[in-house]
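One structure is given below, encoded as structure tokens.
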Amino acid sequence: MLEIKSLTKSYGDNLIFQDLDLQVHQGEVLSIVGPSGIGKTTLLKIMTGIEPADSGDIFIDGQLVNQEGRDLQNKIGLIFQDFNLFPNYTVMGNITLAPINVNKLSAAKSQKEARSLLTTLGMADKADLYPYQLSGGQKQRVAIARALAMKPQIIAYDEPTSGLDEVSTGQVAEVIKTLKDQGVTQVVITHDQPFAEEISDRVFDFAKEVARV
Ligand SMILES: Nc1ncnc2c1ncn2[C@@H]1O[C@H](COP(=O)(O)OP(=O)(O)OP(=O)(O)O)[C@@H](O)[C@H]1O
Ligand SMILES: [Mg+2]
């Protein structure tokens, strides 16, 4: 379980949120909604160790994780809004780069795992393509495969359906539901109300939580 306690973050004089509490249970899909600029992406960046918080604690399964620096990034996989795929690597290269270089997995093993992930995501025939040869929905699924390849305990998405058409949005929803069936804990920032209702067990309304303190 993920537990965020009393998290406070400002950029300079600009207080973004104060004493924010949030819990995500094992295997749960939690959607985070709220107006633009309120701090949703900032929260994900703190959760994944990209940004430091001013104060507050993050626990995973009761263990304090936000004082170990980069370790946090491997516990929570983040899928950025704009995918951030490496344009000069193929789909396979994008997925296996971190497992090989960070987790020191062999190329053969990481490629085998990547193929299995791509099959799950309906992308088995796309391994040798480059990001520019993919549709938005396909890029989104490569970004998901790349995050999953690091075997995070929790996976977090920043607006995974923005810019996607209905069919691609449906595919992303299916991926999230498949992962939920496998017991993966997921946090999803979204502006898409029907999508949030379709995929999530619970919705965290950022505006209400920030106003509360
Ligand atoms: N690196 C940074 N330096 C200074 N201010 C920042 C930085 N990153 C974000 N901010 C500010 O923090 C606030 C929250 O930004 P954030 O990106 O978390 O919003 P958001 O809720 O994700 O919005 P959106 O729905 O538009 O994506 C904004 O006012 C933004 O300008
Ligand atoms: Mg954002």
Side-chain angles (χ1 to χ4, degrees), residues 2-24 28-60 65-73 75-86 131 136-137 139-144 146-148 152 154-166 168-169 171-173 175-176 179 185-213:
L2 170 72
E3 192 166 19
I4 292 173
K5 277 193 181 161
S6 206
L7 201 68
T8 297
K9 174 70 182 173
S10 19
Y11 288 109
D13 293 339
N14 188 8
L15 178 67
I16 309 299
F17 47 76
Q18 190 168 22
D19 291 330
L20 188 78
D21 294 326
L22 171 64
Q23 290 182 0
V24 191
E28 185 179 37
V29 179
L30 177 80
S31 287
I32 298 180
V33 300
S36 180
I38 198 162
K40 305 181 297 297
T41 298
T42 301
L43 174 64
L44 282 202
K45 285 180 179 166
I46 295 169
M47 278 165 52
T48 48
I50 295 171
E51 275 283 351
D54 300 344
S55 59
D57 291 323
I58 301 176
F59 299 88
I60 295 179
V65 292
N66 62 323
Q67 288 174 350
E68 300 169 28
R70 291 183 59 84
D71 258 15
L72 196 50
Q73 291 186 24
K75 294 193 197 300
I76 306 179
L78 174 60
I79 294 152
F80 292 95
Q81 185 167 7
D82 50 7
F83 321 129
N84 278 356
L85 296 179
F86 308 117
K139 279 187 224 175
Q140 182 64 265
R141 280 180 281 162
V142 176
I144 294 171
R146 187 175 59 174
L148 288 172
I154 297 161
I155 182 154
Y157 310 75
D158 196 352
E159 298 189 32
T161 60
S162 73
L164 299 187
D165 68 8
E166 226 168 282
S168 296
T169 297
Q171 288 169 343
V172 172
V175 169
I176 291 172
L179 294 175
T185 306
Q186 301 174 89
V187 177
V188 188
I189 292 181
T190 183
H191 285 286
D192 183 340
Q193 192 66 35
F195 175 74
E197 276 166 24
E198 184 183 349
I199 57 158
S200 49
D201 297 309
R202 193 157 57 91
V203 175
F204 180 85
D205 187 336
F206 213 103
K208 270 191 205 151
E209 295 301 320
V210 171
R212 188 181 53 77
V213 291

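Numbering of ligands and ligand atoms starts at 1, following listing order. Computed from heavy atoms alone, side chains included, the values below leave out hydrogens, waters and symmetry copies.
- For ligand 1 and His191, the ligand atoms under 4.0 Å from any heavy atom of the residue are 25 (O).
- For atom 30 (C) of ligand 1, the nearest protein heavy atom is 4.0 Å or more away.
- Protein heavy atom nearest atom 25 (O) of ligand 1, with residue, atom name and distance: Lys40 NZ, 2.7 Å.
- Between Thr42 and Phe17 the shortest side-chain heavy-atom distance falls below 4.5 Å.
- Looking at Arg146, its side chain never comes within 3.5 Å of a backbone N or O of Ile79 through a donor-acceptor pair.
- Proximity of Lys45 to ligand 1 is not established, as no heavy-atom distance is less than 4.0 Å.
- With a heavy-atom cut-off of 4.0 Å, Gln81 does not touch ligand 1 at all.
- The proximity of Thr42 to ligand 1, defined as any non-hydrogen pair under 4.0 Å, involves the side chain as well as the backbone.
- Using a distance-only test at 3.5 Å, with no hydrogens or angles considered, a donor-acceptor pair links the side chain of Gln140 to the main chain of Pro160.
- Of all protein heavy atoms, the one closest to atom 17 (O) of ligand 1 is Thr41 CB, 3.6 Å.
- Under the 3.5 Å distance criterion, the side-chain polar atoms of Asp57 are left unmatched by any main-chain donor or acceptor of Lys5.
- Taking every heavy atom of both residues into account, Val33 and Thr190 meet most closely at CG1-O, 3.6 Å.
- The closest protein non-hydrogen atom to atom 14 (C) of ligand 1 is Gly37 O, 3.2 Å.
- Between the Lys75 side chain and the Val65 main chain, no donor and acceptor come within less than 3.5 Å of each other.
- Closest to atom 26 (O) of ligand 1, if we only count protein heavy atoms, is Ser36 OG, 2.5 Å.
- Residues forming a ring-ring contact (aromatic ring centres under 6.0 Å, His included) with Phe195 (at least two apart in sequence, or on another chain): none.
- Protein non-hydrogen atoms do reach within 4.0 Å of atom 5 (N) of ligand 1.
- If you look at the Mg ion (ligand 2), the protein N, O or S atoms less than 2.8 Å from it are Thr41 OG1.
- Between Val187 and Ile155 there is no side-chain heavy-atom pair separated by less than 4.5 Å.
- Nearest protein neighbour of atom 12 (O) of ligand 1, counting heavy atoms only, is Ile16 CD1, 3.3 Å.
- At a 4.0 Å cut-off, not a single heavy atom of Gly34 sits close enough to ligand 1 to count as contact.
- Side chain to side chain, Ser31 and Ser200 meet the donor-acceptor criterion of an N or O pair below 3.5 Å.
- Considering Leu7, Ile58, Ile4 in turn, Ile4 is the only one that fulfils the side chain to side chain contact (heavy atoms under 4.5 Å, CB included) rule with Leu22.
- Protein heavy atom at the shortest distance from atom 1 (N) of ligand 1 is Tyr11 CE2, 3.6 Å.
- Counted by atom type alone, Thr8 and Asp54 present zero donor-acceptor pairs between their side chains at under 3.5 Å.
- Side-chain atoms of Asp158 never come within 3.5 Å of backbone atoms of Phe80 as a donor-acceptor pair (strictly under, hydrogens ignored).
- For atom 27 (O) of ligand 1, the closest heavy atom belonging to the protein is Glu159 OE2, 3.6 Å.
- The only member of Leu30, Val24, Thr48, Thr185 that meets side chain to side chain contact (heavy atoms under 4.5 Å, CB included) when paired with Ile154 is Thr185.
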